[in-house]
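The figures here come from the full heavy-atom set of this structure, side chains too, leaving out hydrogens, waters and symmetry mates.
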Amino acid sequence: MGTTETQRTVAKWGMRLSVLVGALGLVYFTTRGELVTGVVVGALFGVGSYWEYKRRMRDLDRVDAAEQTRDPFEERERRR
């Protein structure tokens, strides 16, 4: 994965897939009469995937910010 935009797209689709799995788990277990299990599975996949997505976005924002700042050693060499 070369760019942060590609990584952002993969993270977004991963979150969507996890939320879908959580929703399917919620529906599956509630139709079987296991309401508590369905809510737990839905919450783990739904909330957990959102939390992981936000963590990845913060990491990628830090990478973008680090790429935009100039290295002080590079600046010093450029002035020589």
Side-chain angles (χ1 to χ4, degrees):
M1 304 207 175
T3 65
T4 57
E5 289 304 316
T6 305
Q7 292 177 3
R8 287 178 194 278
T9 304
V10 169
K12 189 181 299 181
W13 280 101
M15 181 194 68
R16 289 177 181 168
L17 184 63
S18 289
V19 168
L20 178 64
V21 168
L24 291 175
L26 176 68
V27 169
Y28 175 77
F29 285 112
T30 53
T31 57
R32 299 271 187 231
E34 298 279 338
L35 179 63
V36 174
T37 305
V39 169
V40 169
V41 167
L44 284 175
F45 277 97
V47 174
S49 66
Y50 179 74
W51 181 61
E52 179 67 18
Y53 171 74
K54 295 306 276 183
R55 186 193 63 80
R56 285 184 184 180
M57 290 299 112
R58 278 194 311 269
D59 290 346
L60 293 173
D61 288 341
R62 288 182 188 148
V63 168
D64 286 341
E67 288 176 355
Q68 291 176 358
T69 60
R70 291 189 176 180
D71 186 20
F73 298 108
E74 186 178 304
E75 284 293 320
R76 186 179 66 203
E77 290 298 319
R78 184 180 299 163
R79 291 180 188 153
R80 285 185 174 184

| said: Under 4.0 Å between a side-chain nitrogen and a carboxylate oxygen: does that hold for Arg56 and Asp59? | reply: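 Result for this pair is no, no salt bridge flagged.
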| query | Is there a side-chain contact between Arg58 and Lys54, using heavy atoms and a 4.5 Å cut-off? | reply |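 In contact.
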| Closest approach of Val39 and Leu26, non-hydrogen atoms and distance? |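 Taking Val39 first and Leu26 second, the nearest heavy atoms are N-CD1, 3.6 Å.
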So if you build clusters from Ile, Leu, Val, Met, Phe, Trp, Tyr with side-chain heavy-atom gaps below 4.5 Å, do [X] and [Y] land together?
| X | Y | result |
| --- | --- | --- |
| Tyr53 | Val19 | yes |
| Met57 | Leu17 | no |
| Tyr28 | Val41 | yes |
| Val36 | Val27 | no |

| query | Can you tell me how far CE of Met15 sits from CG of Leu20, rounded to the nearest 0.5 angstrom? | reply |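 Going from CG on Leu20 over to CE on Met15, the span is 12.0 Å.
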